[in-house]
Amino acid sequence: MAQSSRSYNTDDTDPLVCVIDDDALMRIRFKGLFESVGLKVLLFDSPAAFLKSSIAASTSCVVLDVRLPGMSGVKLQEELLKREIQVPVVFVSESADAATAVRAMKAGAVDFLTKPASDQEVLDAVFASIERHRERRRKEASLAGLRADFTSLSTRERQVLLGVTGGKLNKQVAAELGVSEVMVKVHRANGMRKMHVTSLAALVRAIDHLTRNAERDRSSIQDGNYVAA
């Protein structure tokens, strides 16, 4: 096994790579390869063993074959999607046809390599998967922070911010809520401070981001509690 000449970033989330292959020699090869660049590795000889381990949700990348005992690699990929477990997948197979490869890529596989794939090809695909996993986690953390900020608002602050981000002037919001324009300005300032924004443009972007994700989750930000609509 040749040592990779490239430098890879293994910091941040302590990435875990799970290898699923019924070929013991392939499992040993991948274990040595991934550990040589500082990755943690777990080995499985079947999809059932992987699913039984309950490790899927904390995995940064799954490297697997197409033909596996009990359940094909593509079926496992579909099962993970069905369970809403978002883990990047890299296929390394010698037995797949073009239709299978297309099916896997359409389902979100990061790469589909043909055996014997070089160490460099495998590492490039795995680290692309890890970066995708990190980016998803960063976005999830950012969204969770926005949601926490929004739910910390008082009812009046929420009403004011939704009004001004909807294009209304302070005096229009004041008239609708039956309060003075001065109070609208106070609630707006307090709300923006809690949302950690310093401009109307940044506030609009934050509220728009929350709204788009709430719509995707079939929920509403109107009451600030993200209860399914």
Side-chain angles (χ1 to χ4, degrees), residues 1-140:
M1 178 181 66
Q3 181 71 33
S4 170
S5 60
R6 298 189 188 180
S7 175
Y8 294 98
N9 175 22
T10 59
D11 298 333
D12 190 16
T13 57
D14 198 16
L16 170 65
V17 178
C18 288
V19 176
I20 309 173
D21 201 308
D22 58 348
D23 184 334
L25 292 179
M26 287 301 298
R27 294 198 300 273
I28 292 171
R29 174 205 168 189
F30 285 143
K31 185 176 190 299
L33 176 63
F34 299 148
E35 288 182 343
S36 75
V37 291
L39 295 172
K40 292 197 304 181
V41 187
L42 289 178
L43 305 177
F44 301 90
D45 60 7
S46 70
F50 174 67
L51 292 173
K52 187 178 180 180
S53 71
S54 300
I55 198 70
S58 56
T59 302
S60 301
C61 174
V62 172
V63 177
L64 73 167
D65 201 344
V66 170
R67 290 187 179 177
L68 293 167
M71 177 188 294
S72 73
V74 176
K75 283 290 186 183
L76 173 60
Q77 181 188 25
E78 293 171 350
E79 179 63 24
L80 292 173
L81 291 173
K82 187 185 301 182
R83 298 187 185 192
E84 298 185 346
I85 298 174
Q86 300 183 50
V87 53
V89 173
V90 173
F91 285 92
V92 184
S93 178
E94 61 184 357
S95 58
D97 54 27
T100 301
V102 169
R103 178 180 170 188
M105 296 301 290
K106 283 186 174 181
V110 175
D111 210 338
F112 198 106
L113 304 176
T114 302
K115 294 179 181 178
S118 71
D119 288 354
Q120 197 67 67
E121 286 180 306
V122 175
L123 286 175
D124 286 347
V126 166
F127 276 94
S129 298
I130 290 170
E131 185 53 40
R132 179 184 293 188
H133 177 73
R134 285 175 174 152
E135 181 60 24
R136 180 179 63 81
R137 292 187 59 160
R138 282 193 289 267
K139 289 180 178 179
E140 288 176 347

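Just so it is clear, the model here is predicted, and its values are computed rather than measured. By convention here, the first residue in the shown sequence is residue 1.
The two residues Gly73 and Leu64 come nearest to each other via the heavy atoms CA-CD1, 3.5 Å. Between Leu76 and Pro47 the shortest heavy-atom distance is CD2-CB, 4.0 Å. The two residues Arg27 and Leu43 have their closest heavy-atom pair at O-CD2, 3.7 Å. Minimum heavy-atom separation, Asp65 to Ser93: OD1-OG, 2.8 Å.
Formation of a donor-acceptor pair under 3.5 Å by the Gln77 side chain with backbone atoms of Ala104 is found in this model. Proximity of a side-chain donor or acceptor of Asp21 to a complementary backbone N or O of Asp23 within less than 3.5 Å is detected.
Salt bridge status for Arg67 with Asp22: absent, with no side-chain N to carboxylate O gap under 4.0 Å.
Relative ring orientation between Phe91 and Phe112 is described as parallel, the plane-to-plane angle staying below 30° on a 0-90° scale split at 30° and 60°.
Once rounded to the nearest 0.5 Å, the distance linking OG of Ser118 with CG of Asp124 reads 7.5 Å. Put simply, OG on Ser60 and CG on Leu16 are 6.0 Å apart, with the number rounded to the nearest 0.5 Å. Between the SG atom in Cys18 and the NZ atom in Lys40 there is a gap of 10.0 Å [rounded to 0.5 Å]. Between the CG atom in Leu33 and the CD atom in Gln120 there is a gap of 9.0 Å [rounded to 0.5 Å]. One distance of note links CZ of Arg134 with CD1 of Ile130; it measures 6.0 Å at 0.5 Å rounding.
Side chains of Val92 and Lys115 form a contact here, defined as non-hydrogen atoms less than 4.5 Å apart. Thr59 places none of its side-chain heavy atoms less than 4.5 Å from the side chain of Leu42. Using a 4.5 Å heavy-atom cutoff, the side chains of Ile55 and Phe44 are in contact. Under the 4.5 Å side-chain criterion, counting only non-hydrogen atoms from C-beta, Lys31 is not in contact with Val19. For the pair Met71 and Glu78, the minimum side-chain heavy-atom distance is 4.5 Å or more. No side-chain heavy atom of Pro88 sits less than 4.5 Å from a side-chain heavy atom of Arg136. Considering only heavy atoms from C-beta on, Leu39 comes within 4.5 Å of Val126 through its side chain. At least one side-chain heavy atom of Phe34 sits less than 4.5 Å from a side-chain heavy atom of Val63.
Qualifying salt bridge (charged side-chain N to carboxylate O under 4.0 Å, His left out) partners for Glu135, counting only residues two or more places apart in sequence or in other chains: Arg138. With sequence neighbours left out, Glu79 forms a salt bridge (charged side-chain N to carboxylate O under 4.0 Å, His left out) with Lys82, Arg83.
Listed by first then second residue, pairs satisfying side chain to side chain donor-acceptor pair (under 3.5 Å) with a partner in residues 41-52 number zero, not counting sequence neighbours.
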Decide yes or no on side chain to side chain contact (heavy atoms under 4.5 Å, CB included) for Leu51 and Leu80, but give the supporting numbers first. CA-CA 9 Å; Leu51 292 173; Leu80 292 173; 4.0 Å; yes
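At most 12 heavy atoms of other shown residues, nucleotides or ligands fall within 6.0 angstrom of atom NZ in Lys139.
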